[in-house]
Amino acid sequence: MDISKDIFYVGVNDHKVDLFEGQYEVPLGMAYNSYLIMDEKTAVMDTVDKNFTHEWLDNLERALGGRKPDYLVVQHMEPDHSAYIVNFMKNYPDAVVVSSSKAFTMMQNFFGKDFEDKRIVVGEGDTLSLGKHTLHFVTAPMVHWPEVIMTYDDVDKVLFSADGFGKFGANDVEDPEGWACEARRYYFGIVGKYGAQVQAVLKKAATLDIQTICPLHGPVLKENLGYYLETYQTWSSYGIESDGIVIAYTSVYGHTKKAVEMLADMLKERGCPKVTVTDLARDDMFEAVEDAFRYGRLVLATTTYNADIFPFMRTFITHLKERGYQKRTVAFIENGSWAPQAAKVMRGMFEGCKDIKFAEQSVRIMSALNDESKEQLKSLADELCSDYEQRDEKTAVKNDMTALFKIGYGLYVVTTNDGTKDNGCIVNTVSQLTSSPLLVAVGINKANYTYHIVQKTGILNINCISQDAPFKVFQTFGFQSGRNTDKFADCKDTAPRTDNGLIFLPRYINAVMSLKVKQEVDLGTHGMFICEVTEARVMSNVETMTYSYYQSNVKPKPETEGKKGWVCKVCGYVYEGEDLPEDFVCPLCKHGASDFERIQ
Ligand code: FEO
(Lines give C-alpha, C1' and ligand atoms only; values in the text may rest on other atoms or scores of the structure.)
Protein backbone atom coordinates (compact mmCIF):
# COMPACT_ATOMS: atom_id res chain seq x y z
CA MET A 1 0.00 0.00 0.00
CA ASP A 2 1.39 3.41 -0.96
CA ILE A 3 0.85 6.20 1.53
CA SER A 4 2.40 8.70 -0.86
CA LYS A 5 4.90 8.65 -3.70
CA ASP A 6 7.72 8.15 -1.18
CA ILE A 7 6.04 6.44 1.78
CA PHE A 8 5.05 2.76 1.80
CA TYR A 9 3.17 0.50 4.18
CA VAL A 10 5.18 -2.54 5.26
CA GLY A 11 3.13 -3.73 8.28
CA VAL A 12 1.48 -7.08 8.99
CA ASN A 13 -1.91 -8.48 10.05
CA ASP A 14 -2.31 -10.89 12.95
CA HIS A 15 -5.27 -13.30 12.92
CA LYS A 16 -3.82 -15.69 15.46
CA VAL A 17 -3.58 -13.46 18.52
CA ASP A 18 -6.08 -14.63 21.17
CA LEU A 19 -5.92 -11.70 23.57
CA PHE A 20 -4.13 -8.48 22.63
CA GLU A 21 -1.85 -7.32 25.45
CA GLY A 22 -3.00 -10.45 27.28
CA GLN A 23 -6.49 -9.14 28.01
CA TYR A 24 -8.33 -7.55 25.08
CA GLU A 25 -10.44 -9.72 22.79
CA VAL A 26 -9.73 -8.94 19.13
CA PRO A 27 -12.27 -10.84 17.02
CA LEU A 28 -11.10 -8.99 13.90
CA GLY A 29 -7.41 -9.64 14.60
CA MET A 30 -4.78 -6.97 14.97
CA ALA A 31 -2.51 -4.96 12.68
CA TYR A 32 1.08 -4.05 13.53
CA ASN A 33 1.90 -1.19 11.21
CA SER A 34 5.31 -0.25 9.94
CA TYR A 35 6.25 2.20 7.19
CA LEU A 36 9.15 2.91 4.87
CA ILE A 37 10.13 6.40 3.70
CA MET A 38 12.22 6.41 0.52
CA ASP A 39 14.35 9.50 -0.12
CA GLU A 40 18.06 10.14 -0.55
CA LYS A 41 18.21 8.30 2.75
CA THR A 42 15.66 5.64 3.70
CA ALA A 43 13.90 5.41 7.05
CA VAL A 44 11.89 2.52 8.48
CA MET A 45 9.24 3.53 10.97
CA ASP A 46 9.13 0.87 13.75
CA THR A 47 9.29 -2.91 13.56
CA VAL A 48 6.45 -5.37 14.34
CA ASP A 49 5.41 -8.16 16.70
CA LYS A 50 7.82 -11.10 17.11
CA ASN A 51 5.56 -13.58 15.28
CA PHE A 52 5.84 -11.73 11.98
CA THR A 53 9.49 -11.06 11.48
CA HIS A 54 9.86 -12.90 8.19
CA GLU A 55 6.71 -11.51 6.70
CA TRP A 56 7.72 -8.03 7.77
CA LEU A 57 11.25 -8.39 6.39
CA ASP A 58 9.85 -9.61 3.08
CA ASN A 59 7.52 -6.61 2.93
CA LEU A 60 10.41 -4.33 3.71
CA GLU A 61 12.78 -5.82 1.17
CA ARG A 62 10.16 -5.64 -1.53
CA ALA A 63 9.48 -1.97 -0.77
CA LEU A 64 13.21 -1.17 -0.58
CA GLY A 65 13.68 -2.52 -4.10
CA GLY A 66 17.32 -3.44 -3.54
CA ARG A 67 18.25 -0.43 -1.40
CA LYS A 68 19.31 -0.66 2.25
CA PRO A 69 17.63 1.14 5.14
CA ASP A 70 19.64 4.03 6.58
CA TYR A 71 17.54 4.65 9.68
CA LEU A 72 15.22 2.67 11.93
CA VAL A 73 13.00 5.13 13.76
CA VAL A 74 11.71 3.54 16.97
CA GLN A 75 8.72 5.50 18.18
CA HIS A 76 7.52 3.05 20.84
CA MET A 77 9.24 0.24 22.71
CA GLU A 78 6.26 -1.95 23.55
CA PRO A 79 7.12 -5.40 22.12
CA ASP A 80 4.30 -5.38 19.56
CA HIS A 81 6.42 -2.77 17.72
CA SER A 82 9.95 -3.31 18.94
CA ALA A 83 10.38 -7.09 18.86
CA TYR A 84 12.55 -7.10 15.76
CA ILE A 85 14.95 -4.23 16.47
CA VAL A 86 17.94 -6.48 17.25
CA ASN A 87 17.45 -8.76 14.25
CA PHE A 88 16.87 -5.76 12.00
CA MET A 89 20.25 -4.38 13.07
CA LYS A 90 21.86 -7.77 12.42
CA ASN A 91 20.34 -7.80 8.92
CA TYR A 92 21.24 -4.17 8.24
CA PRO A 93 24.38 -3.46 10.28
CA ASP A 94 24.93 -0.05 8.62
CA ALA A 95 21.55 1.29 9.75
CA VAL A 96 21.26 3.80 12.59
CA VAL A 97 18.57 3.57 15.28
CA VAL A 98 16.75 6.87 15.89
CA SER A 99 14.77 7.11 19.11
CA SER A 100 14.26 8.88 22.42
CA SER A 101 16.72 8.60 25.25
CA LYS A 102 14.19 6.68 27.38
CA ALA A 103 13.69 4.21 24.52
CA PHE A 104 17.42 3.45 24.41
CA THR A 105 17.32 2.72 28.15
CA MET A 106 14.45 0.33 27.46
CA MET A 107 16.43 -1.32 24.65
CA GLN A 108 19.18 -1.97 27.18
CA ASN A 109 16.60 -3.51 29.52
CA PHE A 110 14.89 -5.59 26.84
CA PHE A 111 17.87 -6.62 24.69
CA GLY A 112 20.96 -6.01 26.82
CA LYS A 113 22.22 -3.47 24.24
CA ASP A 114 21.45 0.12 23.39
CA PHE A 115 23.29 0.55 20.06
CA GLU A 116 25.60 3.18 21.52
CA ASP A 117 27.70 3.47 18.34
CA LYS A 118 24.79 3.23 15.93
CA ARG A 119 22.20 5.59 17.26
CA ILE A 120 20.76 9.10 17.18
CA VAL A 121 18.93 10.30 20.30
CA VAL A 122 16.08 12.67 19.48
CA GLY A 123 13.79 14.80 21.63
CA GLU A 124 11.09 17.42 21.24
CA GLY A 125 11.59 19.55 18.15
CA ASP A 126 14.61 17.65 16.81
CA THR A 127 14.74 16.96 13.09
CA LEU A 128 16.31 14.41 10.78
CA SER A 129 16.81 15.19 7.10
CA LEU A 130 16.34 12.33 4.65
CA GLY A 131 16.98 14.56 1.63
CA LYS A 132 13.73 16.04 0.38
CA HIS A 133 11.81 14.92 3.48
CA THR A 134 12.63 16.19 6.95
CA LEU A 135 11.32 14.28 9.93
CA HIS A 136 10.25 16.38 12.92
CA PHE A 137 10.07 14.58 16.27
CA VAL A 138 7.33 15.25 18.79
CA THR A 139 7.58 13.70 22.25
CA ALA A 140 4.41 11.98 23.40
CA PRO A 141 5.15 10.61 26.87
CA MET A 142 2.55 8.16 28.21
CA VAL A 143 0.77 7.84 24.88
CA HIS A 144 1.14 5.08 25.75
CA TRP A 145 4.57 4.55 27.41
CA PRO A 146 6.98 7.23 28.62
CA GLU A 147 9.50 6.89 25.79
CA VAL A 148 7.01 7.46 22.96
CA ILE A 149 7.78 9.88 20.15
CA MET A 150 5.65 10.75 17.18
CA THR A 151 7.10 11.85 13.85
CA TYR A 152 5.92 14.42 11.35
CA ASP A 153 7.00 14.40 7.72
CA ASP A 154 6.85 17.98 6.46
CA VAL A 155 6.76 17.13 2.73
CA ASP A 156 3.83 14.73 2.57
CA LYS A 157 2.29 16.20 5.78
CA VAL A 158 2.13 12.78 7.41
CA LEU A 159 1.93 12.32 11.18
CA PHE A 160 3.31 8.95 12.30
CA SER A 161 1.25 8.81 15.49
CA ALA A 162 2.61 5.73 17.34
CA ASP A 163 -0.30 4.14 19.29
CA GLY A 164 -2.41 7.31 18.88
CA PHE A 165 -5.41 6.91 16.55
CA GLY A 166 -4.93 3.14 16.52
CA LYS A 167 -7.68 0.56 16.74
CA PHE A 168 -8.27 -3.13 17.27
CA GLY A 169 -8.70 -5.17 14.09
CA ALA A 170 -6.48 -6.29 11.23
CA ASN A 171 -6.25 -4.11 8.13
CA ASP A 172 -7.16 -6.89 5.70
CA VAL A 173 -10.72 -7.32 7.01
CA GLU A 174 -13.46 -4.74 6.87
CA ASP A 175 -14.73 -3.61 10.25
CA PRO A 176 -18.52 -3.60 9.90
CA GLU A 177 -18.81 -0.96 12.62
CA GLY A 178 -16.36 1.47 11.02
CA TRP A 179 -13.41 3.04 12.78
CA ALA A 180 -14.88 4.50 15.97
CA CYS A 181 -16.16 1.45 17.84
CA GLU A 182 -12.95 -0.57 18.00
CA ALA A 183 -10.83 2.60 18.14
CA ARG A 184 -12.79 3.66 21.24
CA ARG A 185 -12.42 0.25 22.93
CA TYR A 186 -8.71 0.37 22.11
CA TYR A 187 -8.33 3.97 23.34
CA PHE A 188 -10.10 3.54 26.67
CA GLY A 189 -8.63 0.10 27.25
CA ILE A 190 -5.05 1.07 26.56
CA VAL A 191 -4.54 4.85 26.69
CA GLY A 192 -7.63 5.97 28.63
CA LYS A 193 -5.73 6.73 31.82
CA TYR A 194 -3.54 9.26 30.03
CA GLY A 195 -6.10 11.84 28.90
CA ALA A 196 -3.96 14.79 29.98
CA GLN A 197 -0.97 13.49 28.02
CA VAL A 198 -3.09 12.90 24.91
CA GLN A 199 -4.42 16.45 25.24
CA ALA A 200 -0.84 17.73 25.35
CA VAL A 201 -0.04 15.92 22.09
CA LEU A 202 -3.25 17.14 20.44
CA LYS A 203 -2.18 20.70 21.25
CA LYS A 204 1.11 20.10 19.44
CA ALA A 205 -0.73 18.41 16.55
CA ALA A 206 -2.94 21.49 16.17
CA THR A 207 0.13 23.45 15.07
CA LEU A 208 0.91 21.01 12.22
CA ASP A 209 -0.64 20.78 8.77
CA ILE A 210 -1.58 17.08 8.88
CA GLN A 211 -2.99 15.41 5.76
CA THR A 212 -2.41 11.75 6.68
CA ILE A 213 -2.19 9.94 10.02
CA CYS A 214 -0.13 6.73 10.09
CA PRO A 215 -0.75 4.94 13.40
CA LEU A 216 0.95 1.75 14.61
CA HIS A 217 -2.39 -0.12 14.62
CA GLY A 218 -5.42 0.07 12.37
CA PRO A 219 -5.97 1.84 9.08
CA VAL A 220 -4.04 4.78 7.69
CA LEU A 221 -6.31 7.82 8.02
CA LYS A 222 -6.48 10.18 5.06
CA GLU A 223 -10.01 11.54 4.80
CA ASN A 224 -11.94 13.72 7.21
CA LEU A 225 -9.05 14.08 9.68
CA GLY A 226 -10.97 16.72 11.63
CA TYR A 227 -13.36 13.98 12.76
CA TYR A 228 -10.57 11.81 14.20
CA LEU A 229 -8.86 14.74 15.91
CA GLU A 230 -12.17 15.98 17.34
CA THR A 231 -13.07 12.47 18.55
CA TYR A 232 -9.69 12.16 20.29
CA GLN A 233 -10.30 15.57 21.82
CA THR A 234 -13.59 14.30 23.31
CA TRP A 235 -12.10 11.04 24.54
CA SER A 236 -8.99 12.55 26.07
CA SER A 237 -10.97 15.25 27.87
CA TYR A 238 -13.39 12.60 29.21
CA GLY A 239 -16.21 14.40 27.40
CA ILE A 240 -19.57 12.75 26.80
CA GLU A 241 -19.61 11.46 23.24
CA SER A 242 -23.21 10.22 22.91
CA ASP A 243 -26.54 10.50 24.71
CA GLY A 244 -27.56 7.33 26.48
CA ILE A 245 -27.37 5.21 29.61
CA VAL A 246 -25.14 2.20 30.29
CA ILE A 247 -26.30 -0.52 32.64
CA ALA A 248 -23.59 -2.92 33.82
CA TYR A 249 -24.66 -5.73 36.09
CA THR A 250 -23.94 -9.05 37.69
CA SER A 251 -26.67 -11.43 38.75
CA VAL A 252 -26.39 -14.74 40.59
CA TYR A 253 -29.92 -16.18 40.47
CA GLY A 254 -31.56 -13.78 38.02
CA HIS A 255 -33.34 -11.33 40.36
CA THR A 256 -30.87 -8.50 39.78
CA LYS A 257 -30.99 -9.23 36.05
CA LYS A 258 -34.78 -8.92 36.15
CA ALA A 259 -34.50 -5.50 37.81
CA VAL A 260 -31.99 -4.43 35.15
CA GLU A 261 -34.29 -5.52 32.33
CA MET A 262 -37.19 -3.69 33.93
CA LEU A 263 -35.11 -0.53 34.30
CA ALA A 264 -33.89 -0.77 30.69
CA ASP A 265 -37.51 -0.88 29.50
CA MET A 266 -38.42 2.09 31.69
CA LEU A 267 -35.50 4.12 30.35
CA LYS A 268 -36.52 3.38 26.76
CA GLU A 269 -40.15 4.31 27.52
CA ARG A 270 -38.91 7.65 28.82
CA GLY A 271 -37.13 8.46 25.59
CA CYS A 272 -33.54 7.53 26.49
CA PRO A 273 -31.85 7.60 23.05
CA LYS A 274 -29.67 4.55 23.75
CA VAL A 275 -29.64 1.96 26.53
CA THR A 276 -26.79 -0.55 26.62
CA VAL A 277 -26.90 -3.51 29.00
CA THR A 278 -23.81 -5.59 29.86
CA ASP A 279 -23.62 -8.78 31.92
CA LEU A 280 -20.16 -8.29 33.38
CA ALA A 281 -19.70 -12.00 34.00
CA ARG A 282 -20.51 -13.08 30.45
CA ASP A 283 -20.00 -10.20 28.00
CA ASP A 284 -16.74 -8.50 27.00
CA MET A 285 -16.04 -6.27 29.99
CA PHE A 286 -14.05 -3.83 27.87
CA GLU A 287 -17.12 -3.16 25.73
CA ALA A 288 -18.73 -1.97 28.96
CA VAL A 289 -15.63 0.09 29.85
CA GLU A 290 -15.80 1.70 26.41
CA ASP A 291 -19.53 2.42 26.80
CA ALA A 292 -19.09 3.84 30.29
CA PHE A 293 -16.75 6.46 28.79
CA ARG A 294 -18.89 6.98 25.69
CA TYR A 295 -22.14 7.81 27.49
CA GLY A 296 -22.73 10.18 30.39
CA ARG A 297 -24.82 8.01 32.72
CA LEU A 298 -23.97 4.67 34.25
CA VAL A 299 -26.15 2.33 36.31
CA LEU A 300 -24.35 -0.38 38.28
CA ALA A 301 -26.36 -3.32 39.59
CA THR A 302 -24.89 -6.07 41.70
CA THR A 303 -25.31 -8.29 44.71
CA THR A 304 -23.76 -8.06 48.12
CA TYR A 305 -21.25 -10.92 48.19
CA ASN A 306 -18.91 -11.99 51.00
CA ALA A 307 -19.78 -8.70 52.75
CA ASP A 308 -18.49 -6.92 49.64
CA ILE A 309 -19.67 -6.85 46.02
CA PHE A 310 -19.69 -9.49 43.32
CA PRO A 311 -16.10 -9.89 42.01
CA PHE A 312 -16.84 -8.98 38.36
CA MET A 313 -18.35 -5.68 39.49
CA ARG A 314 -15.32 -4.92 41.65
CA THR A 315 -13.08 -5.60 38.64
CA PHE A 316 -15.22 -3.41 36.40
CA ILE A 317 -15.20 -0.41 38.73
CA THR A 318 -11.43 -0.86 39.17
CA HIS A 319 -11.02 -0.72 35.38
CA LEU A 320 -13.00 2.55 35.27
CA LYS A 321 -11.11 4.09 38.15
CA GLU A 322 -7.70 3.13 36.77
CA ARG A 323 -8.64 4.91 33.55
CA GLY A 324 -9.56 8.19 35.23
CA TYR A 325 -13.35 7.80 35.16
CA GLN A 326 -14.93 11.22 35.69
CA LYS A 327 -17.61 13.76 34.71
CA ARG A 328 -20.40 11.18 34.79
CA THR A 329 -23.63 10.39 36.68
CA VAL A 330 -23.58 7.05 38.46
CA ALA A 331 -26.59 5.21 39.93
CA PHE A 332 -26.75 2.00 41.97
CA ILE A 333 -29.01 -1.01 42.22
CA GLU A 334 -28.07 -3.34 45.07
CA ASN A 335 -29.38 -6.76 45.94
CA GLY A 336 -28.79 -8.32 49.35
CA SER A 337 -30.88 -10.98 50.95
CA TRP A 338 -30.14 -10.11 54.57
CA ALA A 339 -27.60 -7.26 54.84
CA PRO A 340 -27.40 -5.33 51.56
CA GLN A 341 -24.37 -3.09 51.31
CA ALA A 342 -23.36 -3.26 47.67
CA ALA A 343 -24.45 0.34 46.96
CA LYS A 344 -22.29 1.63 49.81
CA VAL A 345 -19.29 -0.40 48.66
CA MET A 346 -19.68 0.64 45.01
CA ARG A 347 -20.08 4.31 45.95
CA GLY A 348 -16.97 4.10 48.12
CA MET A 349 -14.99 2.74 45.18
CA PHE A 350 -15.58 5.98 43.24
CA GLU A 351 -13.94 8.05 45.96
CA GLY A 352 -11.23 10.15 44.35
CA CYS A 353 -12.90 10.16 40.91
CA LYS A 354 -13.42 13.74 39.71
CA ASP A 355 -16.88 15.22 39.05
CA ILE A 356 -18.90 12.08 39.68
CA LYS A 357 -22.53 12.87 40.48
CA PHE A 358 -24.44 10.10 42.21
CA ALA A 359 -28.13 9.71 41.39
CA GLU A 360 -30.33 10.68 44.32
CA GLN A 361 -32.42 7.54 43.92
CA SER A 362 -30.74 4.26 44.77
CA VAL A 363 -32.56 0.94 44.36
CA ARG A 364 -32.48 -1.72 47.07
CA ILE A 365 -33.69 -5.24 46.35
CA MET A 366 -34.09 -7.65 49.24
CA SER A 367 -33.70 -10.95 47.35
CA ALA A 368 -36.41 -10.28 44.73
CA LEU A 369 -38.26 -7.29 43.34
CA ASN A 370 -41.30 -6.09 45.28
CA ASP A 371 -43.61 -3.07 45.03
CA GLU A 372 -41.20 -0.85 46.91
CA SER A 373 -38.15 -1.68 44.80
CA LYS A 374 -40.21 -1.37 41.60
CA GLU A 375 -41.21 2.14 42.69
CA GLN A 376 -37.54 2.90 43.29
CA LEU A 377 -36.74 1.71 39.76
CA LYS A 378 -39.42 4.05 38.37
CA SER A 379 -38.11 6.94 40.36
CA LEU A 380 -34.55 6.22 39.17
CA ALA A 381 -35.75 6.06 35.56
CA ASP A 382 -37.52 9.43 36.03
CA GLU A 383 -34.39 10.96 37.48
CA LEU A 384 -32.05 9.66 34.78
CA CYS A 385 -34.36 10.53 31.89
CA SER A 386 -35.80 13.88 32.94
CA ASP A 387 -33.94 15.83 30.25
CA TYR A 388 -34.67 13.21 27.58
CA GLU A 389 -38.36 13.48 28.44
CA GLN A 390 -38.30 17.26 28.25
CA ARG A 391 -36.63 17.18 24.85
CA ASP A 392 -39.47 15.10 23.47
CA GLU A 393 -42.49 16.97 22.15
CA LYS A 394 -44.82 14.22 23.43
CA THR A 395 -43.52 13.95 27.00
CA ALA A 396 -42.33 17.50 27.72
CA VAL A 397 -44.03 19.50 30.52
CA LYS A 398 -44.34 22.96 29.05
CA ASN A 399 -45.57 25.08 31.96
CA ASP A 400 -43.02 24.33 34.69
CA MET A 401 -42.29 27.78 36.02
CA THR A 402 -39.49 26.49 38.27
CA ALA A 403 -37.49 26.91 35.03
CA LEU A 404 -37.10 30.52 36.19
CA PHE A 405 -35.02 29.28 39.13
CA LYS A 406 -32.46 28.05 36.62
CA ILE A 407 -31.64 31.58 35.47
CA GLY A 408 -28.18 32.26 36.83
CA TYR A 409 -29.15 34.84 39.41
CA GLY A 410 -26.39 36.29 41.50
CA LEU A 411 -27.22 37.58 44.96
CA TYR A 412 -26.48 41.19 45.88
CA VAL A 413 -26.92 43.56 48.81
CA VAL A 414 -28.22 46.94 47.71
CA THR A 415 -26.99 49.53 50.22
CA THR A 416 -28.61 52.96 50.57
CA ASN A 417 -29.07 55.73 53.10
CA ASP A 418 -32.44 57.36 53.92
CA GLY A 419 -30.86 60.48 55.34
CA THR A 420 -30.75 59.22 58.88
CA LYS A 421 -29.46 55.67 58.66
CA ASP A 422 -27.76 53.20 56.37
CA ASN A 423 -29.84 50.37 54.95
CA GLY A 424 -29.35 47.26 52.87
CA CYS A 425 -31.50 44.59 51.27
CA ILE A 426 -30.90 41.52 49.17
CA VAL A 427 -31.85 41.45 45.49
CA ASN A 428 -31.21 38.92 42.76
CA THR A 429 -31.91 41.01 39.67
CA VAL A 430 -28.84 42.96 38.63
CA SER A 431 -27.74 42.96 35.00
CA GLN A 432 -25.41 44.93 32.84
CA LEU A 433 -27.53 46.23 29.94
CA THR A 434 -25.04 48.05 27.72
CA SER A 435 -21.37 48.86 27.75
CA SER A 436 -21.35 52.18 25.94
CA PRO A 437 -22.84 53.97 27.75
CA LEU A 438 -22.34 51.62 30.69
CA LEU A 439 -25.82 50.95 32.03
CA VAL A 440 -26.90 48.52 34.73
CA ALA A 441 -30.47 47.47 35.62
CA VAL A 442 -31.50 46.73 39.22
CA GLY A 443 -34.94 45.32 40.03
CA ILE A 444 -36.30 46.01 43.54
CA ASN A 445 -39.60 44.94 45.11
CA LYS A 446 -41.74 47.98 45.89
CA ALA A 447 -42.59 46.45 49.27
CA ASN A 448 -38.96 46.86 50.32
CA TYR A 449 -37.96 50.00 52.17
CA THR A 450 -34.88 50.14 49.93
CA TYR A 451 -37.10 50.74 46.87
CA HIS A 452 -38.46 53.95 48.39
CA ILE A 453 -34.99 55.15 49.43
CA VAL A 454 -33.59 54.62 45.92
CA GLN A 455 -36.58 56.39 44.38
CA LYS A 456 -36.02 59.33 46.72
CA THR A 457 -32.20 59.61 46.64
CA GLY A 458 -31.39 58.27 43.16
CA ILE A 459 -28.21 56.55 44.32
CA LEU A 460 -27.35 53.04 45.51
CA ASN A 461 -24.45 50.65 45.95
CA ILE A 462 -24.45 47.09 44.59
CA ASN A 463 -22.48 44.73 46.87
CA CYS A 464 -21.74 41.48 44.98
CA ILE A 465 -21.94 38.74 47.62
CA SER A 466 -19.15 36.17 47.36
CA GLN A 467 -19.42 32.43 47.99
CA ASP A 468 -17.72 32.68 51.39
CA ALA A 469 -20.63 34.67 52.84
CA PRO A 470 -22.28 32.95 55.83
CA PHE A 471 -26.03 32.55 56.32
CA LYS A 472 -25.91 35.49 58.78
CA VAL A 473 -25.50 37.91 55.83
CA PHE A 474 -28.80 36.67 54.39
CA GLN A 475 -30.54 36.82 57.77
CA THR A 476 -29.37 40.40 58.31
CA PHE A 477 -30.19 41.79 54.89
CA GLY A 478 -32.90 39.43 53.68
CA PHE A 479 -35.10 38.50 56.58
CA GLN A 480 -35.83 41.87 58.24
CA SER A 481 -37.00 45.31 57.15
CA GLY A 482 -34.99 48.52 57.31
CA ARG A 483 -38.19 50.34 58.31
CA ASN A 484 -37.86 49.02 61.85
CA THR A 485 -34.29 47.67 62.04
CA ASP A 486 -30.90 49.30 61.82
CA LYS A 487 -29.08 46.64 59.81
CA PHE A 488 -25.71 48.37 60.15
CA ALA A 489 -26.11 49.23 63.84
CA ASP A 490 -22.96 47.43 64.90
CA CYS A 491 -20.64 48.71 62.17
CA LYS A 492 -21.96 52.03 60.82
CA ASP A 493 -18.95 53.94 62.19
CA THR A 494 -16.34 51.47 60.97
CA ALA A 495 -17.74 50.12 57.68
CA PRO A 496 -16.20 51.58 54.51
CA ARG A 497 -17.96 53.99 52.15
CA THR A 498 -17.75 54.75 48.45
CA ASP A 499 -17.35 58.27 47.05
CA ASN A 500 -21.13 58.75 46.95
CA GLY A 501 -21.12 58.45 50.77
CA LEU A 502 -23.00 55.15 50.84
CA ILE A 503 -21.85 52.33 53.07
CA PHE A 504 -20.72 48.96 51.69
CA LEU A 505 -20.11 45.57 53.28
CA PRO A 506 -16.59 45.25 54.69
CA ARG A 507 -16.55 41.47 54.14
CA TYR A 508 -18.15 38.71 52.06
CA ILE A 509 -18.33 40.65 48.81
CA ASN A 510 -16.11 40.38 45.73
CA ALA A 511 -17.03 43.75 44.24
CA VAL A 512 -18.93 46.94 44.97
CA MET A 513 -20.39 49.34 42.42
CA SER A 514 -21.90 52.77 42.98
CA LEU A 515 -24.89 53.49 40.75
CA LYS A 516 -26.80 56.63 39.85
CA VAL A 517 -30.38 56.21 38.65
CA LYS A 518 -31.06 57.49 35.11
CA GLN A 519 -34.56 56.09 34.67
CA GLU A 520 -37.12 53.90 36.42
CA VAL A 521 -39.32 51.37 34.64
CA ASP A 522 -42.52 50.56 36.53
CA LEU A 523 -43.07 46.81 36.59
CA GLY A 524 -46.13 46.78 38.88
CA THR A 525 -44.88 44.98 41.98
CA HIS A 526 -41.27 45.97 41.24
CA GLY A 527 -39.40 48.96 39.96
CA MET A 528 -36.48 48.51 37.60
CA PHE A 529 -33.86 51.21 37.96
CA ILE A 530 -31.66 51.85 34.94
CA CYS A 531 -28.42 53.26 36.30
CA GLU A 532 -25.01 54.51 35.29
CA VAL A 533 -21.94 53.28 37.13
CA THR A 534 -20.06 56.00 39.02
CA GLU A 535 -17.56 53.84 40.89
CA ALA A 536 -16.51 50.18 40.72
CA ARG A 537 -14.12 48.29 43.01
CA VAL A 538 -13.11 44.60 42.84
CA MET A 539 -12.54 43.27 46.35
CA SER A 540 -11.49 39.64 45.71
CA ASN A 541 -11.48 36.75 43.25
CA VAL A 542 -13.86 34.61 45.29
CA GLU A 543 -16.71 33.45 43.04
CA THR A 544 -20.00 35.36 43.10
CA MET A 545 -22.76 33.83 45.22
CA THR A 546 -25.50 32.54 42.95
CA TYR A 547 -29.01 31.69 44.02
CA SER A 548 -28.40 27.99 43.38
CA TYR A 549 -25.12 28.01 45.33
CA TYR A 550 -26.94 29.66 48.23
CA GLN A 551 -29.68 27.02 48.13
CA SER A 552 -27.22 24.12 48.01
CA ASN A 553 -24.42 25.29 50.26
CA VAL A 554 -25.39 28.19 52.51
CA LYS A 555 -29.04 27.94 53.49
CA PRO A 556 -29.42 25.61 56.49
CA LYS A 557 -31.48 22.52 55.77
CA PRO A 558 -34.93 23.06 57.30
CA GLU A 559 -35.52 21.08 60.48
CA THR A 560 -38.59 19.20 59.33
CA GLU A 561 -37.71 15.80 60.78
CA GLY A 562 -40.77 14.43 62.58
CA LYS A 563 -42.81 17.61 61.89
CA LYS A 564 -46.07 17.96 59.99
CA GLY A 565 -47.06 21.13 58.21
CA TRP A 566 -45.38 23.59 55.83
CA VAL A 567 -41.85 24.80 55.25
CA CYS A 568 -40.75 28.14 53.79
CA LYS A 569 -38.72 27.52 50.62
CA VAL A 570 -36.86 30.81 51.10
CA CYS A 571 -35.60 30.59 54.67
CA GLY A 572 -36.63 27.14 55.97
CA TYR A 573 -39.11 28.40 58.59
CA VAL A 574 -41.46 25.58 59.60
CA TYR A 575 -45.19 26.23 60.09
CA GLU A 576 -46.72 23.35 62.00
CA GLY A 577 -50.37 22.87 61.16
CA GLU A 578 -52.53 21.06 58.64
CA ASP A 579 -53.59 24.14 56.64
CA LEU A 580 -51.50 27.19 55.90
CA PRO A 581 -53.62 30.41 55.88
CA GLU A 582 -53.60 32.04 52.44
CA ASP A 583 -52.49 35.37 53.88
CA PHE A 584 -49.74 33.82 55.99
CA VAL A 585 -46.46 35.76 55.97
CA CYS A 586 -43.22 34.07 57.04
CA PRO A 587 -42.15 35.63 60.34
CA LEU A 588 -38.47 35.19 59.39
CA CYS A 589 -38.15 36.28 55.78
CA LYS A 590 -41.57 37.91 55.21
CA HIS A 591 -42.34 35.84 52.12
CA GLY A 592 -45.97 34.84 51.58
CA ALA A 593 -47.84 31.52 51.59
CA SER A 594 -46.97 30.85 47.95
CA ASP A 595 -43.34 30.36 48.98
CA PHE A 596 -44.24 27.52 51.36
CA GLU A 597 -44.42 23.83 50.52
CA ARG A 598 -45.93 20.96 52.43
CA ILE A 599 -43.49 18.84 54.48
CA GLN A 600 -43.30 15.41 52.85
FE1 FEO B 1 0.81 -0.86 20.31
FE2 FEO B 1 1.59 0.54 23.23
O3 FEO B 1 1.78 -0.69 21.84
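Order of appearance sets the numbers: ligands from 1, and atoms from 1 within every ligand.
One finds no salt bridge joining K257 and D279 here, because no Lys/Arg side-chain nitrogen approaches an Asp/Glu carboxylate oxygen to under 4.0 Å. Ion pairing between a basic and an acidic side chain is recognised when a charged N comes within 4.0 Å of a carboxylate O; R185 and E182 show such pairing.
For D6, the side-chain contact (heavy atoms from CB on, under 4.5 Å) partners are S4, K132, H133, D156, not counting sequence neighbours. Considering only residues two or more places apart in sequence or on other chains, F110 meets the ring pair (Phe, Tyr, Trp, His ring centres under 6.0 Å) condition with none of them.
Near atom 1 (Fe) of ligand 1, less than 2.8 Å away, sit the protein N, O or S atoms D80 OD2, H81 NE2, D163 OD1, H217 NE2.
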task: Apply the test salt bridge (charged side-chain N to carboxylate O under 4.0 Å, His left out) to residues D243 and R391: give CA-CA distance (whole Å), side-chain angles for both, the deciding distance (0.1 Å), then the verdict.
output: CA-CA 12 Å; D243 279 328; R391 280 188 220 170; 2.8 Å; yes
For residues 226-233, tabulate all N or O donor-acceptor pairs below 3.5 Å that involve a side-chain atom, not counting sequence neighbours.
from, atom 1, to, atom 2, distance (Å)
T231, OG1, Y227, O, 2.7
Y232, OH, F165, N, 2.8

